[in-house]
Structure formats: structure tokens, C-alpha cells
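In the text below, chain A, chain B and the rest are named by the order of the sequence lines, each starting its count at 1.
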Amino acid sequence: MNDTAISLRLGAWWEANARDLPWRFGRATPWGVLVSEVMSQQTQMSRVVPYWTDWMERWPDARALAEAPKAEVITAWGRLGYPRRALRLQECARVVAEDYADKLPRTYDELTALPGIGDYTASAVMSFAFGERIAVIDTNIRRVLSRVFLGVESRGGATSPAERALANRMLPKDEILGCDADVADNAGSAEHVVNSTIRGGKRSRLHRGERPSVTWNQSVMELGAVICTAKSPLCDTCPIADDCAFLKAGRPGLGERRTRPRQRFQGTDRQVRGLVLAALRELPAGATLPREDADKLWKDQIQLAACIASLDDDGLIEILDGGLRLPS
DNA sequence: GTCCGGATTT
DNA sequence: AAATCAGGAC
């Protein structure tokens, strides 16, 4: 089975089985796609959906987010985790609004230069929002490509040059499926989907009109998320099981730990920081948490003080004479 | 390589 | 209790 056949089979599976996430299928602006990707960093999609929906209704574009009070942004981030993502997203919004006239730049280099946007998110926006041909590499794609084409589990840590080369080698060429230039130029843009829906009537809302590289990225990532999972891959229902080197090899080392054991959460600074921030989010808007109340949040006053200082360093809180509050 | 949240699953 | 999750900054 050649590579083109695999991508076609995966694409068909994608079209029939893709989760109906609200930022997919051309329903979101490029900015909305970027927001969904930042929220999804190290966070399950099912948890992201309600946050994203409320967020985009409240701040539909970069300029709106840029002008929001920082305390509101932190509070709206709620319990998504890694609240520094919220601050970086707002910083990103400021840059987009001021330096790019509220229009997300369309090159990888400009995107990775934005706060909170690294290799994965920049590539994902280029592919999913702009329809450009670029290899997207996340934990799902690393796991799937390594299993299917190398027959082994991917190792943890930073993406290796070999993994990057594999992702680039397997990324379908856009001319293979006869994508015409007009479609290719507009693939992925919300405007294109709206227009083609009006013109096309019963036209599929899924991957038709997307470049093969975009469908490939989407379908490989989706396969890793729902079928080719880390611990218990559902090989019985996998659309490319017949082509999988990992399955042929007897799934050697299935679910083998890919990275060092995670730091336990209980008792860590992350837990303490989370407690402090949660207490501040509970307050009425603009209110201050009195020092004596803050001191009760954690027994170890040394650790608590260090965490309050680090939250201040991050710009997530403000330290006043009488207590703490979310930054204005 | 380490730190940074918190929900969910096993 | 431990692992996992559409990572990024340092």
C-alpha cells in the first residue's frame, strides 16, 4: 500500500468520523483557530469547547481581547490550567491588533514570533486556518507516524530531526489529488467556505476543497486522538491497520513511558499557585484578598510566599500593601 | 531538561 | 496513585 492510498483512506475516515468541534470546517476565523490551539495546549479538547465558545463570543477578534482588562482575561481562563497561556494570548492579541492591523500574519516565522506561539501552534494555524502546506507536529502525530511508518513507539522529549524529516517526507504533495489553484488559494479560509456553501448547496462541510496536506494533518492528528491513543489503541477499528508497521511488529513496547515520570502535583508549587489564583478568581471584580486570608491558603508559609512572588513575576497577580488581587 | 494547572481515566 | 492531555518559555 503506497503513501497516497494511506492518505486517501485516512482522509475518508476523517470525513466520516471527525469530531464536530466548533472551530472546525471553516466556522472560525484564523484568530479563532489560533485561540482554539492555544487553549488545547496540554488540555483535552472536550474541556476546551465551552471555554472557547464563551471566549470567542466575548472577544471575537484580537483587538477585542487586546482591550480587555487583564483580570477579566485571567478569570475567564477559569480552570483550564496553565494560566500564563491566558496572559500570553492577550499579549499575542495586542501584537496582532497593533502590528498587524488586527489581521493574523500568514507566515510561520511571523506566527512563531508571537507570544505563546511555538512550532506546533504556528504550524497548526498555517495548515488549519490558512490552508498552507506545512508539516504539523504534535504529540499525536509523532505517535502515529512513528508507529505506522517506523513500527516503534515515539520517544519523549524534544522532537528529533529524524521525526521532523519523517513528518515532512510523509506530508502529501498538494498537486497529487488535482487541487486547482483557485481552491488551493482559498482553502481553509472562512470566507471561502461560506461562499462555496452558498454556491454549492449540498457541498460537504468537511475536507472537500482542502489541500491534501491539510486533510493529512487533521486526519493523522485526529487518529492519534481517538484511535491510535497512547495506552490502548483501537487497532480493530483503525482505518490503516493493514498498513501499520507497529501492528505488524506486534505492537512492541505498547504504551511504554515516553518521558520521565511527571512531577507529582500534590504539594508542588503548581498546586499552591493554583490555590492562590483560584482564591483571587472567586473574589468580586477588582476586590483584594486580604493578606491574612491569603496566608491561610497553604500551610507552608515559605512555599506560599515563593509562589505569590512567582505569580507576581508572571504578571498573574498584583501585590498590594493589604493583600493580593488580579492585575488591572 | 525543567517548570508551568487541572480534569479525566485507568 | 499514576498517566495522560492539539506545548511553550526558559
Using a cut-off of 4.0 Å on non-hydrogen atoms, how would the nucleic acid contact of [X] be classed: base, sugar-phosphate, or nothing?
X: Arg24(A); answer: base
X: Ile117(A); answer: sugar-phosphate
X: Asp119(A); answer: sugar-phosphate
X: Arg85(A); answer: base
X: Arg47(A); answer: base
X: Leu311(A); answer: nothing
X: Gly118(A); answer: sugar-phosphate

Inset, instruction - Go through the N and O atoms of the side chain of Gln44(A) and the base of dG6(B), and report whether any donor-acceptor pair is under 3.5 Å. - result: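 Present.
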
Legend entry - Thr121(A) (side chain) and dG8(C) (base): donor-acceptor pair under 3.5 Å: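 Side chain to base: no pair present.
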
Inset, instruction - For dG7(C), take OP1 and OP2 only and decide whether either is under 4.0 Å from a side-chain N or O of Gln42(A). - result: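 It does, given that an N or O in the side chain of Gln42(A) lies less than 4.0 Å from OP1 or OP2 of dG7(C).
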
Rounded distance in Å between the [atom1] positions of [N] and [M]:
N: dC3(B); M: dA6(C); atom1: P; result: 23 Å
N: dA3(C); M: dT2(B); atom1: P; result: 16 Å
N: dG5(B); M: dC10(C); atom1: P; result: 15 Å

Inset, instruction - Can you measure from CD (Glu72(A)) to CH2 (Trp59(A)) and round to the nearest 0.5 angstrom? - result: 6.0 Å

Inset, instruction - Hey, which sits more toward the 5' end of DNA chain C by its nearest nucleotide, Thr112(A) or Thr229(A)? - result: Thr229(A)

Inset, instruction - Please work out whether the ring planes of Trp216(A) and Phe149(A) are parallel, tilted or perpendicular, with thresholds of 30° and 60°. - result: tilted

Return all side-chain donor-acceptor pairs below 3.5 angstrom for residues 316-328 of chain A, not counting sequence neighbours, or 'none' if the list is empty.
residue: Glu318(A); atom: OE1; partner: Arg325(A); partner atom: NE; Å: 2.9
residue: Glu318(A); atom: OE1; partner: Arg325(A); partner atom: NH2; Å: 3.2

Inset, instruction - Nearest-nucleotide wise, let me know which of Lys231(A) and Ala278(A) is further upstream toward the 5' end of DNA chain B. - result: Ala278(A)

Inset, instruction - Select from Gly81(A) and Ala158(A) the residue whose nearest nucleotide in DNA chain B is closer to the 5' end of that strand. - result: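 Taking each residue's closest nucleotide, the earlier one in sequence belongs to Ala158(A).
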
Legend entry - Summary of salt bridge (Lys or Arg N to Asp or Glu O under 4.0 Å) pairs that have at least one residue in residues 113-123 of chain A, sequence neighbours excluded: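 Qualifying pairs, neighbours excluded: Asp119(A)-Arg164(A).
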
Legend entry - Within-4.5 Å side-chain heavy-atom neighbours: Arg251(A) and Pro233(A): yes

